[in-house]
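Have a look at the structure below, then the notes.
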Amino acid sequence: MMKCSYCDSENNSRDEVCSVCGAPLHKKRPQLKEYVSLQDSTLSFQELERFHTYDLLILLRLIREERSKSYNLMRSVQKAPEEAEIDKSVIEFGESEYRLYTVRMKLIEGLLIDRMGYKPKRVDDKLLAALKYRMESK
């Protein structure tokens, strides 16, 4: 016998869907990760889709921080005096990093819109603490 992870009903372990609620029986539900890093932002849509909402919020905060750093660096290079010899590859690298973080940010925001119905303007400690509290008191 197999328990449905959604409605908790007993089902035949060979079944694909729950006989009570129709949920897939062999689908892995998102679990909290022990650690989320900026490197996770390079994962595919399919891999990120399996992240817990809490982990996606942390990842969004990390990406937004890096995107801001890239933007500020890009702006400071653009404002540099004409006499400053700045290699064109440095400028192109800064711009490509900014574009890359923008794409990753939009992907994570899209996943969060699917889950939460909106994308948070700010991912601060207050938002994360409130979500953590709700998760622990479920």
Side-chain angles (χ1 to χ4, degrees):
M1 288 302 227
M2 180 175 213
K3 275 195 178 223
C4 174
S5 64
Y6 290 90
C7 75
D8 212 27
S9 300
E10 292 285 341
N11 286 270
N12 186 332
S13 59
R14 289 185 303 273
D15 292 344
E16 292 297 315
V17 296
C18 175
S19 59
V20 177
C21 72
L25 290 174
H26 303 286
K27 180 181 179 184
K28 284 204 172 239
R29 294 182 75 187
Q31 299 292 315
L32 276 175
K33 297 195 173 304
E34 217 172 281
Y35 181 75
V36 177
S37 75
L38 191 59
Q39 282 300 112
D40 292 326
S41 70
T42 62
L43 296 172
S44 70
F45 172 82
Q46 290 77 12
E47 291 169 304
L48 289 169
E49 197 176 33
R50 292 193 291 263
F51 273 46
H52 193 279
T53 303
Y54 186 85
D55 292 332
L56 286 175
L57 286 166
I58 290 174
L59 189 53
L60 179 60
R61 180 158 79 173
L62 293 171
I63 291 169
R64 284 178 174 173
E65 286 170 6
E66 283 303 309
R67 183 175 176 263
S68 290
K69 286 179 195 172
S70 295
Y71 180 79
N72 292 335
L73 185 63
M74 200 170 59
R75 293 294 295 146
S76 63
V77 167
Q78 288 170 346
K79 289 180 181 178
E82 301 251 340
E83 309 84 56
E85 292 286 323
I86 299 169
D87 192 73
K88 197 171 185 88
S89 64
V90 171
I91 296 168
E92 289 169 356
F93 176 76
E95 290 171 351
S96 71
E97 284 290 288
Y98 177 76
R99 281 193 298 274
L100 191 63
Y101 286 123
T102 300
V103 168
R104 291 175 183 170
M105 179 188 77
K106 288 181 185 277
L107 171 60
I108 304 294
E109 288 174 347
L111 287 166
L112 288 168
I113 288 169
D114 290 349
R115 303 250 183 106
M116 303 166 66
Y118 72 101
K119 66 179 179 199
K121 280 186 180 172
R122 286 189 1 208
V123 181
D124 54 17
D125 292 340
K126 185 179 174 185
L127 173 70
L128 293 171
L131 183 56
K132 189 85 147 173
Y133 175 77
R134 284 190 204 117
M135 289 169 13
E136 290 169 354
S137 63
K138 61 178 171 168

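If you read the sequence from its start, that first residue is 1, and numbering goes on from there. Just so we're clear, the structure is a prediction, and the values are computed from it rather than from any experiment.
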Verdict with reasoning, Phe51 to Leu111, per side-chain contact (heavy atoms from CB on, under 4.5 Å): CA-CA 10 Å; Phe51 273 46; Leu111 287 166; over 6 Å; no
To the nearest 0.5 angstrom, please state how far the [atom1] atom of [X] sits from the [atom2] atom of [Y].
X      : Y      : atom1 : atom2 : value
Leu131 : Glu136 : CG    : CD    : 10.0 Å
Leu48  : Leu56  : CG    : CG    : 6.5 Å
Thr102 : Leu107 : OG1   : CG    : 12.5 Å

In the single-linkage hydrophobic clustering (I, L, V, M, F, W, Y; side-chain heavy atoms under 4.5 Å), do [X] and [Y] co-cluster?
X      : Y      : answer
Tyr118 : Ile113 : no
Val103 : Leu38  : no
Tyr101 : Phe45  : yes

So for atom OH, which belongs to Tyr6, do other residues, nucleotides or ligands contribute more than 12 heavy atoms lying within a distance under 6.0 Å?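 Yes, because the 6.0 Å sphere around OH of Tyr6 holds more than 12 heavy atoms from other groups.
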Please name the pair of heavy atoms, one in Cys7 and one in Cys4, separated by the smallest distance, quoted to 0.1 Å.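 Looking at all heavy atoms of both residues, the closest pair is N-SG, 3.4 Å.
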Please report the shortest heavy-atom distance between Val123 and Leu127, naming the atom on each side.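 For Val123 and Leu127, the tightest heavy-atom pair comes out as CA-CD2, 4.0 Å.
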Where at least one partner belongs to residues 49-60, residue pairs that pass side-chain hydrogen bond (donor to acceptor under 3.5 Å, both in side chains), sequence neighbours excluded: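 Residue pairs passing side-chain hydrogen bond (donor to acceptor under 3.5 Å, both in side chains), neighbours aside: Thr53-Arg115.
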Could you list the donor-acceptor pairs under 3.5 angstrom formed by side chains in residues 17-35, with sequence neighbours left out?
residue : atom : partner : partner atom : Å
Ser19   : OG   : Asn11   : OD1          : 3.1
His26   : NE2  : Asp15   : O            : 3.1
Arg29   : NH1  : Ser5    : O            : 2.6

With the side chain counted from C-beta on, respond yes when Lys69 and Leu73 share a heavy-atom pair under 4.5 Å apart, and no when they do not.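 Sidechains of Leu73 and Lys69: no contact.
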Is Asp40 close to Glu47 at the side-chain level, that is, under 4.5 Å between some pair of heavy atoms?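 Answer no - side chains too far apart.
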Linking Ile, Leu, Val, Met, Phe, Trp and Tyr through side-chain heavy atoms less than 4.5 Å apart, which residues share a cluster with Met1?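 Traced through the cluster, Met1 reaches no other member.
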Check salt bridge (charged side-chain N to carboxylate O under 4.0 Å, His left out) between Asp8 and all other residues, then give those that pass, not counting sequence neighbours.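 Asp8: salt bridge (charged side-chain N to carboxylate O under 4.0 Å, His left out) contacts with Lys3.
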Enumerate the residue pairs fulfilling ring pair (Phe, Tyr, Trp, His ring centres under 6.0 Å) with a member in residues 57-89, sequence neighbours excluded, ordered by first and then second residue.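 Non-adjacent pairs meeting ring pair (Phe, Tyr, Trp, His ring centres under 6.0 Å): Tyr71-Tyr98.
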List the atom pairs, with distances to 0.1 Å, where a side-chain N or O of residues 58-65 and a protein N or O form a donor-acceptor pair under 3.5 Å, not counting sequence neighbours.
residue : atom : partner : partner atom : Å
Arg61   : NH1  : Asp125  : OD1          : 2.9
Arg61   : NH2  : Asp125  : OD1          : 3.4
Arg64   : NH1  : Pro120  : O            : 3.0
Arg64   : NH1  : Lys121  : O            : 3.0
Arg64   : NH2  : Glu109  : OE2          : 2.7
Arg64   : NH2  : Pro120  : O            : 2.9

Between Lys119 and Ile108, is a side-chain contact (heavy atoms from CB on, under 4.5 Å) present by the stated rule, with each step listed? CA-CA 9 Å; Lys119 66 179 179 199; Ile108 304 294; over 6 Å; no
